[in-house]
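To start, the structure under review is shown below, and the notes come after it.
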Amino acid sequence: MLFLADAYIMCRSVEISRPHAYTSNFTDVSLDFSNVDARHDYKSAWEDKVSYWPKLRCGGILAGDDYDTQDELIGRGGSSGGYVFNCDGTKDKTRRATKGAINDFAAMHNRQLTITYREKMFDSFMMRK
């Protein structure tokens with residue numbers, strides 16, 4: 001399935017580190033693929049998904065990496081530095097981080113996630129609109 005994602009990337013895609021600064025550059029329903037790899041706290045990950053979901057065409061793919069909770073990341077020898085505090089400065093007491101935001105977003109839109117478990121150290125995800 002990754003070869004299909006590669007084909008989408010060549011058509012129209014966006015991969016940026018500060019996604020909210022660029023959402024206005026894309027009209028709604030204009031992207032085939034969006035891989036948002038940016039902030040890793042729950043609130044930021046949620047905002048990233050909300051910002052780019054309308055930009056995807058029907059059948060487009062929303063993807064990202066770091067599909068982890070704080071505890072999973074630490075368990076693999078990583079640092080939870082970017083996961084502990086939300087973008088508004090509040091502490092993420094749930095410790096669900098990006099994984100929690102992605103799961104909640106997929107459930108809200110009734111979408112199935114495809115997870116690439118143990119891809120190096122961090123898991124990745126994809127979901128079709």
Side-chain angles (χ1 to χ4, degrees):
M1 184 163 172
L2 289 178
F3 66 94
L4 292 175
D6 291 340
Y8 280 114
I9 291 170
M10 292 178 359
C11 295
R12 299 179 107 174
S13 68
V14 59
E15 184 170 351
I16 53 180
S17 60
R18 295 181 339 148
H20 291 91
Y22 297 96
T23 49
S24 62
N25 292 335
F26 302 97
T27 58
D28 286 354
V29 195
S30 65
L31 298 176
D32 297 307
F33 183 88
S34 176
N35 180 58
V36 180
D37 181 16
R39 303 165 299 171
H40 299 102
D41 61 272
Y42 181 96
K43 287 184 181 181
S44 294
W46 177 265
E47 289 173 1
D48 295 343
K49 305 319 167 244
V50 168
S51 294
Y52 277 93
W53 189 250
K55 307 302 179 185
L56 288 172
R57 293 183 175 141
C58 183
I61 296 173
L62 181 65
D65 67 348
D66 303 322
Y67 177 74
D68 299 295
T69 66
Q70 291 178 29
D71 296 325
E72 288 170 337
L73 182 63
I74 292 168
R76 292 188 202 129
S79 166
S80 66
Y83 291 62
V84 176
F85 291 98
N86 290 308
C87 56
D88 61 3
T90 60
K91 188 170 184 177
D92 180 6
K93 295 178 182 178
T94 69
R95 303 182 63 83
R96 294 177 65 221
T98 53
K99 188 175 194 174
I102 293 160
N103 287 348
D104 292 349
F105 188 84
M108 184 177 102
H109 291 281
N110 196 29
R111 296 291 178 228
Q112 180 177 351
L113 290 170
T114 300
I115 311 301
T116 58
Y117 288 104
R118 305 299 179 257
E119 181 180 301
K120 296 184 183 178
M121 191 159 116
F122 308 104
D123 298 335
S124 297
F125 76 93
M126 292 184 283
M127 75 175 137
R128 188 174 297 273
K129 184 172 183 183

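Quick note: numbers below take in every heavy atom, side chains included, and nothing from hydrogens, waters or symmetry partners.
Of all heavy-atom pairs spanning L62 and F125, the tightest one is O-CE1, 3.8 Å. Closest approach of M126 and A63 over heavy atoms only: CG-CB, 3.9 Å. Nearest heavy-atom pair across V50 and P54 is O-CD, 3.1 Å. Nearest approach of R128 to R111, heavy atoms of both residues: O-CD, 3.1 Å. Nearest heavy-atom pair, Y42 versus N86, reported as atom, atom and distance to 0.1 Å: N-OD1, 3.4 Å.
Listed for the S51 side chain is a donor-acceptor partner under 3.5 Å among the backbone atoms of E47. Between the side chain of T116 and the main chain of S124, a donor-acceptor pair closer than 3.5 Å is present.
Scored by the salt bridge (charged side-chain N to carboxylate O under 4.0 Å, His left out) test, K49 finds no partners at all (sequence neighbours excluded). Looking at residues two or more places apart in sequence or on another chain, you find a ring-ring contact (aromatic ring centres under 6.0 Å, His included) between F105 and W46, W53, H109. In this structure, the side chain to side chain contact (heavy atoms under 4.5 Å, CB included) partners of T27, at least two apart in sequence or on a different chain, are S30.
Side-chain contact between K55 and D28: present, with at least one pair of heavy atoms (C-beta onward) separated by less than 4.5 Å.
Residue D66 holds its CG atom at 12.5 Å from NZ of K99, rounded to the nearest 0.5 Å. Taken from CE in M127 to CD1 in I61, the straight-line distance is 11.5 Å, to the nearest 0.5 Å. Taking OH of Y67 as the reference point, atom CD1 of I115 lies at 4.0 Å (rounded to 0.5 Å). Interatomic distance, OG1 of T90 versus NZ of K43, reported as 3.5 Å (0.5 Å rounding).
Under the 3.5 Å distance criterion, with hydrogens and angles disregarded, no donor-acceptor pair is assigned to the side chains of D71 and T69.
For the pairing with H40, the side chain to side chain contact (heavy atoms under 4.5 Å, CB included) check across V84, T98, D68, D48 returns one residue only, T98.
Between D104 and R96 there is a salt bridge, since a side-chain N of the basic residue sits under 4.0 Å from a carboxylate O of the acidic one.
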